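Since the structure comes first, as structure tokens, the remarks are kept for the end.
Chain naming here is simple, since letters A, B, ... match the order of the sequence lines and numbering starts at 1 in each. Since we're looking at a predicted model, the values are computed, not measured.
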There are 2 protein chains.
Amino acid sequence: MHIAAKSQHDTTADTIIDAASEVFADKGYEGARVDELARAAGVNKATLYYQIGDKEAVYHAVITRVLARTADEVCAAVAEVDECEEKIRRFINIFARNAGNMRYAAPIMLREVASGGRNLPESAIAEMGRLLGALGEALREGERSGLFRPVNEFMVHMMIVGSLMLYSANEPIRRRNAERHPEIYNEQHFISNEEAGEQVTDLVLAAIANNKQ
Amino acid sequence: MHIAAKSQHDTTADTIIDAASEVFADKGYEGARVDELARAAGVNKATLYYQIGDKEAVYHAVITRVLARTADEVCAAVAEVDECEEKIRRFINIFARNAGNMRYAAPIMLREVASGGRNLPESAIAEMGRLLGALGEALREGERSGLFRPVNEFMVHMMIVGSLMLYSANEPIRRRNAERHPEIYNEQHFISNEEAGEQVTDLVLAAIANNKQ
DNA sequence: ACACAATTCAACCAAACGGTTAAACCAATT
DNA sequence: AATTGGTTTAACCGTTTGGTTGAATTGTGT
């Protein structure tokens with residue numbers, strides 16, 4: 001039995017969303033040009049309108065996918081382990097690696113936050129809820145077992161996500177600044193993403209540790 | 001003797017930079033229209049070009065001022081106290097309050113970071129160095145006195161700045177999301193900025209505490 | 001009051017922008 | 001081969017955009 005091949009529609013649409021993910025991550029919503037999105041996808045502009053819709057529709061498709069993949073990756077990594085500290089390590093690691101999908105998610109979300117979520121579609125909200133849920137679950141479990149002290153889950157989430165998205169996204173700034181101002185920058189500004197994840201893991205676990213145990 | 005009054009040039013330029021700070025914070029560089037900048041400042045567009053220059057020049061003037069003021073505020077607050085923990089409290093408080101100048105600095109810098117610092121002028125770099133210096137000094141002092149353990153200063157900076165800028169900037173998102181998805185959000189997502197600052201202070205001080213003391 | 005410099009203005013401009021249209025092309029079915 | 005539906009295209013379009021210009025207005029000094 002032969003399974004029906006994927007329609008051209010899905011393939012072209014995916015190609016467009018792939019390309020648009022890069023362009024929106026690089027330029028932001030207003031900075032990205034529809035012509036550019038089409039060129040990056042290797043299609044004619046009208047194809048893009050046919051396949052997905054107007055500029056906003058493309059953006060929504062991108063951001064929904066980017067957040068869904070982020071949540072998928074995070075939840076999968078966290079679900080692989082049982083121990084709450086390890087869950088937090090896994091959570092942090094996805095953000096720290098800044099690989100694949102996360103390379104788009106960080107700049108896109110930083111801009112979205114800066115604009116008060118103006119261009120965030122309804123479909124993205126549930127995905128954000130999944131992220132919050134993954135970390136929250138691990139923190140509550142750690143508290144129940146006496147390993148962690150009671151903390152504001154959301155602030156811990158902000159600390160992890162904020163620090164790592166900012167660290168990865170500002171690499172070009174650091175590199176540029178270090179050339180002009182070597183007196184300000186040293187090796188601690190240029191640790192690997194992996195090492196940054198370990199530093200954040202260390203700091204966060206120390207922050208939430210229940211020392212009264 | 002009569003001191004010469006401030007020239008019209010300085011007053012109009014300041015008015016433009018004030019207004020532009022708001023518009024750029026709200027819309028970002030590409031999203032802000034020059035017409036809009038002029039309207040917000042209550043001047044004719046050509047006046048804006050005469051007083052400051054093209055769109056990029058206005059942006060540079062804004063970001064340089066916003067960062068200088070941020071660094072001024074932070075350094076002044078930190079310099080008022082001698083004790084290293086209190087310095088960190090003061091540092092965090094400036095970001096947490098999200099008042100005045102910081103309301104512009106957070107969204108502007110989040111976007112700038114998302115774009116790899118593409119529109120960051122040379123003049124802004126020294127100001128960023130001042131910020132890094134203020135926190136770094138306090139951390140090193142705490143380490144010398146045995147109160148803090150050795151940590152990556154830059155990562156701690158990322159944690160503080162990242163969490164608080166993200167928290168304040170994403171308030172509209174939280175509010176909107178909570179209306180549609182009350183099952184995801186609870187009171188810990190809506191603590192005051194002051195309380196958020198206290199939470200971050202608590203977490204950061206716990207993270208860097210030297211428990212071997 | 002006058003002259004000159006500084007500042008602001010309304011109107012204008014070419015290019016860029018997001019979006020549209022009818023025709024051409026392609027694939028599948030009969 | 002013809003038909004039909006799906007997909008893509010080149011060319012086009014009205015509006016918006018950042019920037020410019022010469023005239024008008026305002027400020028300053030004598």
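Listed nucleotides C:dC9, D:dG18, D:dT9 differ in distance to B:Ala46; the shortest reach to its side chain belongs to C:dC9. Among the nucleotides D:dT20, D:dT8, C:dT20, the one closest to any side-chain atom of A:Thr47 is D:dT8.
Separating the CG atom of A:Leu48 from the C1' atom of D:dT9 is a distance of 14 Å, rounded to the nearest angstrom. Rounded to an integer number of Å, the gap from B:Gln51 CD to C:dA6 C1' is 10 Å. D:dT9 atom C1' lies 13 Å from atom CD1 of A:Ile16, rounded to whole Å. Whole-Å rounding puts the B:Ile52 CD1 to D:dG19 P distance at 13 Å. Nucleotide D:dT17 holds its P atom 12 Å from the OH atom of B:Tyr49, rounded to whole Å.
Put simply, the side chain of B:Arg174 gets close to the backbone of B:Tyr167: a donor and an acceptor are under 3.5 Å apart. Side-chain atoms of A:Arg176 come within 3.5 Å of backbone atoms of B:Gly117 as a donor-acceptor pair (strictly under, hydrogens ignored). A side-chain donor-acceptor contact under 3.5 Å links A:His189 to the backbone of A:Asn186.
Between B:Tyr29 and B:Tyr59, the ring planes lie perpendicular to each other; the angle is over 60°, past the 30° to 60° tilted range.
Sorted by residue number, the members of residues 17-36 of chain A with any non-hydrogen atom under 4.0 Å from DNA chain C read A:Ala32, A:Arg33, A:Val34.
Of the side-chain N and O atoms in A:Thr12, one or more sit less than 4.0 angstrom from OP1 or OP2 of D:dT8. Residue A:Tyr50 has a polar side-chain atom (N or O) positioned under 4.0 Å from OP1 or OP2 of D:dT7.
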Can you name the atoms? Protein N/O to nucleotides 13-15 of chain C N/O, anything below 3.5 Å, with the distance.
none

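Between the side chain of A:Lys45 and the base of C:dG19, a donor-acceptor pair under 3.5 Å is found.
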Which pairs would a plain distance check flag for residues 128-139 of chain B, meaning a side-chain donor or acceptor within less than 3.5 Å of a matching protein atom at least two apart in sequence or in another chain?
unit_1, atom_1, unit_2, atom_2, d
B:Arg130, NH1, B:Asp72, OD1, 3.1
B:Arg130, NH1, B:Glu127, OE1, 2.7
B:Arg130, NH2, B:Asp72, OD1, 2.7
B:Glu137, OE1, B:Arg140, NH2, 3.3

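A pairwise comparison of heavy atoms in A:Glu112 and A:Asn119 identifies OE2-N, 2.7 Å as the closest pair.
By the side chain to side chain contact (heavy atoms under 4.5 Å, CB included) test, A:Tyr49 is found to be paired with A:Val34, A:Lys45, A:Asp54, residues two or more places apart in sequence or in another chain being considered. When the salt bridge (Lys or Arg N to Asp or Glu O under 4.0 Å) test is applied to B:Glu194, no partner is found at least two apart in sequence or on another chain. In terms of the salt bridge (Lys or Arg N to Asp or Glu O under 4.0 Å) criterion, residue partners of B:Glu85 (sequence neighbours excluded) are, by chain and number, B:Arg89.
Residue A:Asp54 is in sugar-phosphate contact alone, with no base atom involved, counting any heavy-atom pair closer than 4.0 Å across all strands shown.
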